[in-house]
There are 2 protein chains.
Amino acid sequence: MIKCVKCNEVDAIAKAGIVRGKQRYHCEHCDYYFTLPLVDAAAEKTPTRKHQTTIIDIARTLQVSKSTVSRALRGHADINPQTRQAILELAKELDYQPNLLAYGLAKNVSLTIGIIVPEFINSFFPYVIIGAQEIANPRGYHILICQSNESHAIEIENTKVLMASRVDGILASLTGETPDVEHFRKFEKAGIPVVYFNRVCDNVNASKVIVDDYEGAFKGVEHLIENGCSKIAHIAGPPNLMISKNRLQGYVNALKKHNLTVDESLIVRTNLTTKSATDCARHLFSMADRPDAVFCLNDPAAISAMLVAKELKIKIPDDVAFVGFSDEPAAALMEPGLTTLAQPTNEIGKTAIGLLFDQMNASRETFEHVTKILQTKLIVRKSSLHGVTKI
Amino acid sequence: MIKCVKCNEVDAIAKAGIVRGKQRYHCEHCDYYFTLPLVDAAAEKTPTRKHQTTIIDIARTLQVSKSTVSRALRGHADINPQTRQAILELAKELDYQPNLLAYGLAKNVSLTIGIIVPEFINSFFPYVIIGAQEIANPRGYHILICQSNESHAIEIENTKVLMASRVDGILASLTGETPDVEHFRKFEKAGIPVVYFNRVCDNVNASKVIVDDYEGAFKGVEHLIENGCSKIAHIAGPPNLMISKNRLQGYVNALKKHNLTVDESLIVRTNLTTKSATDCARHLFSMADRPDAVFCLNDPAAISAMLVAKELKIKIPDDVAFVGFSDEPAAALMEPGLTTLAQPTNEIGKTAIGLLFDQMNASRETFEHVTKILQTKLIVRKSSLHGVTKI
DNA sequence: ACCGGTTCCGAAAGCGTTCCCGATAGATCA
DNA sequence: TGATCTATCGGGAACGCTTTCGGAACCGGT
């Protein structure tokens, strides 16, 4: 029980910070400040964390300087092979793991790559991340995954975290809300390279890895037309993303090529949430003159739409055919299987982090941003075979 | 062009390390070592990374000491409100982000939690991770995800990385290969808490978060029996994992309760890969007296098995009924839908990291490990309704 | 015997924080 | 009018590592 040294009050004592290792109190009764030693400091703060072996521990037991230990561990020249051997052996015996925090502080690196994705529930981003890890891990880098949850605000928060973590480079795929990449400017200023993949804005001066969305969409829609669909709707994505624009353009041009009219009322936009995609589908299927096919921005949207169709007892593909984008594993499991455009997910991850490493190693002046465009592949399943059963 | 200072050779010059800021060369022609200053050091090493604002920058422009800046930023007492105000404003203006490496080094923490999962392609682990993040992020912690890829060797490697990163705590779900948790001992020695979830070994002295696997399996198998199945096979998991044992036991006891014989030949083991699960299914369906139901360790295995059944034109659920475990989103999309036992994934993540934080804040002596057992829920879909269409 | 060169190593600065201590000026009290 | 307190701040060590620099010991050649 703490008593006020002035008025002996015990109930109106509030803590007022810790100063010079002593607890400062404030008696709200007589408005008097006073300090008392932290007798139970050990009980309050429990430094349960123990010491982990450091370079200095090794140096001491081997009677050498820490410089020498560092040299041995880092494989530098300028060291006697026997000394090195002894140090390496002791390090192994003690299971020494260098403190990456200290290493990073000294070298001004962190050996981590930040990666910002909108979500990782669907398989697309996990596969990309795995591809990136397969390149990064052997090089001694690890990956800090941030999830923006399709929220621009969280994405901004993520950039701050990655900035504070002093990541050496960033892979980013934007949310459907992200209007610009202002919040990434700080990385540019700090000389930290950013490579965008999959979800990119236009007018961004950075390296990018995308797939040929235009051509993929074109192939997908043309495939629907060839299967006898003539009234093809499109569930498009948010207008800020290039994938939305390019896939929409592919859709439009495929229609035009085959002399089908482009009906604006058949183009609806999802904000990439399940609910939004479901709403889009409901809207399309409630139209008086229902479309006979839907080309969807991505597989999750297509799956949501197919579920709506099933619920409404609309036959797939006889009444409405579907084509998605990405070849999620679930696309193959649906009944009927969802026709979709496969993306080389693993290669996207590898290519993106490859570009990132290129930029990290390049000198700022000579480096030129590049955009790599990978190819999609049409995977035909039953969902799109509109004419087959009809004929 | 580098010339040998002895023989003037230019083509046989090899670099031999950098010593005292000078490049050391070796002429392989006359076997002579020599050093030359690094005239183009700037061009070779491109320190493209720029300076990021530090506490010292703020201190200098405001003519105060770095201690004062630190105090202001950390919200300590012992500082003039006006001084604090000025510092906070300048920090915001400069978009100051504290260097977490330096912070961690000074405080002997890293503000990161390591999480080791066998994979994150299926949705189970991503959902758990998201649950963990929802607790960790608001507390200022971020999460370093390591993927063991169902490999014990990689899992060991992961523990080293997390050790080097000086994570403050660990969430782990073991691989199907992991025989023991020896490689986690070092965390215990270092006073870094580990909480296991989902995939745990027995004889581990640590906090754990699991679901009631026994009861879930029991419910699932009993459900099959109630639907008229009498020859129920089980695709079990690796014997090292508790989930395998408990789900197997639930399967066995459900059979016993209903006076069904436990046929060892109907119990096959998957190593948790798709291929292995597929092989298991093929084996079961090639038996002379084919089972009329399969209870599978988890949904990915169940889905693989269902695909084999479909390929063999075995009708689901009329010929063979299925029950899985986990309620993967794909389970609902299959045709017929996969009956399964839903796990509270988000809650698992939240509970696990909650236990972790408890242990991080507790004093070593008083802390007691706890095991939290969460409940499963049977989600009935068509895959298990064996008797319904038969009758 | 001297000298240039090589080999190996230790000392020390620095990375950006935190935090403990001591210092100072002003306020308050007896 | 000292003496004690208070409010505020600066100095500097420490965290574990890298890296530069200088120096001692030793080598072979003249």
Side-chain angles (χ1 to χ4, degrees), chain A residues 5-6 16-22 24 26 32-35 38 41 45 49 51-59 62-84 87 96-111 164 166, chain B residues 5-6 16-22 24 26 32-35 38 41 45 49 51-59 62-84 87 96-111 164 166:
Chain A
V5 299
K6 191 171 179 184
I18 294 179
V19 176
R20 297 180 57 185
K22 283 156 198 158
R24 187 128 173 280
H26 177 221
Y32 185 69
Y33 281 92
F34 59 97
T35 59
L38 269 174
K45 283 273 168 190
R49 189 77 158 269
H51 178 78
Q52 290 172 248
T53 53
T54 72
I55 218 177
I56 298 182
D57 299 327
I58 297 179
L62 253 40
Q63 302 277 22
V64 294
S65 76
K66 56 179 181 171
S67 322
T68 305
V69 178
S70 175
R71 266 189 293 261
L73 261 19
R74 290 288 137 210
H76 275 237
D78 251 26
I79 188 167
N80 186 317
Q82 281 140 41
T83 316
R84 189 214 319 269
I87 292 171
Y96 166 79
Q97 296 294 337
N99 185 327
L100 287 184
L101 299 173
Y103 176 89
L105 185 59
K107 297 262 288 185
N108 193 27
V109 298
S110 63
L111 296 183
R166 298 297 193 267
Chain B
V5 298
K6 190 171 177 186
I18 294 181
V19 178
R20 296 179 56 186
K22 283 156 198 159
R24 188 131 172 279
H26 177 222
Y32 185 69
Y33 281 92
F34 60 97
T35 60
L38 269 173
K45 284 270 167 191
R49 189 76 159 268
H51 179 78
Q52 288 171 247
T53 54
T54 72
I55 218 176
I56 299 183
D57 299 328
I58 296 179
L62 252 41
Q63 302 277 21
V64 295
S65 78
K66 54 181 181 167
S67 319
T68 306
V69 178
S70 176
R71 266 189 293 261
L73 261 19
R74 288 289 137 207
H76 276 239
D78 248 26
I79 186 167
N80 186 316
Q82 280 137 43
T83 316
R84 188 212 322 268
I87 291 171
Y96 166 80
Q97 296 295 336
N99 185 328
L100 288 184
L101 299 173
Y103 176 88
L105 185 59
K107 297 265 285 186
N108 193 27
V109 298
S110 64
L111 295 184
R166 297 297 191 268

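Order of the sequence lines fixes the chain letters, A, B, ..., with proteins taken first and strands second; residue numbering starts at 1 for each chain.
Backbone-only contact: B:Thr54 has heavy atoms under 4.0 Å from sugar-phosphate atoms and none from a base. Across all strands shown, A:Asn108 has no heavy atoms under 4.0 Å from either base or sugar-phosphate atoms. The residue B:Gln63 sits close only to the backbone: its heavy atoms come under 4.0 Å of sugar-phosphate atoms, none of a base. B:Arg71 comes within contact range of at least one nucleobase, with a heavy-atom separation under 4.0 Å.
Side chain B:Lys66 to base C:dT17: a donor-acceptor pair is found below 3.5 Å. Within 3.5 Å, a donor on the side chain of B:Ser67 pairs with an acceptor on the base of D:dG11, or the reverse. For A:Asp78 and C:dC9, a side-chain-to-base donor-acceptor distance below 3.5 Å is present, hydrogens and geometry of angles not being considered.
Nearest nucleotide to the side chain of B:Thr83, out of C:dT17, D:dC9, D:dC17: D:dC9.
Within the 4.0 Å cut-off from OP1 or OP2 of D:dC15, not a single side-chain nitrogen or oxygen of A:Tyr103 is found. Note on A:Thr68: a side-chain N or O is less than 4.0 Å away from OP1 or OP2 of C:dG10.
A distance of 13.5 Å separates CD1 in B:Ile58 from NZ in B:Lys66, rounded to the nearest 0.5 Å.
Side-chain contact check for B:Ser67 and B:Ser70: no donor-acceptor pair (N or O, by modelled atom type) lies under 3.5 Å.
Rounding to whole angstrom units, NZ of residue B:Lys107 and P of C:dC15 are separated by 22 Å. Rounded to whole angstrom, the span from the CG atom of A:Leu73 across to the C1' atom of D:dT19 amounts to 15 Å.
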Output one line per pair: protein atom, nucleotide atom from nucleotides 24-26 of chain C, and distance, for all N/O pairs under 3.5 Å.
none

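Relative to the axis of its first five pairs, the axis of the last five pairs of the helix from C:dA1-D:dT30 to C:dA30-D:dT1 sits at 60°, rounded to 10 degrees.
Minimum interatomic distance between A:Ile55 and A:Tyr96 (heavy atoms only, all atoms of both residues): N-CE1, 3.7 Å.
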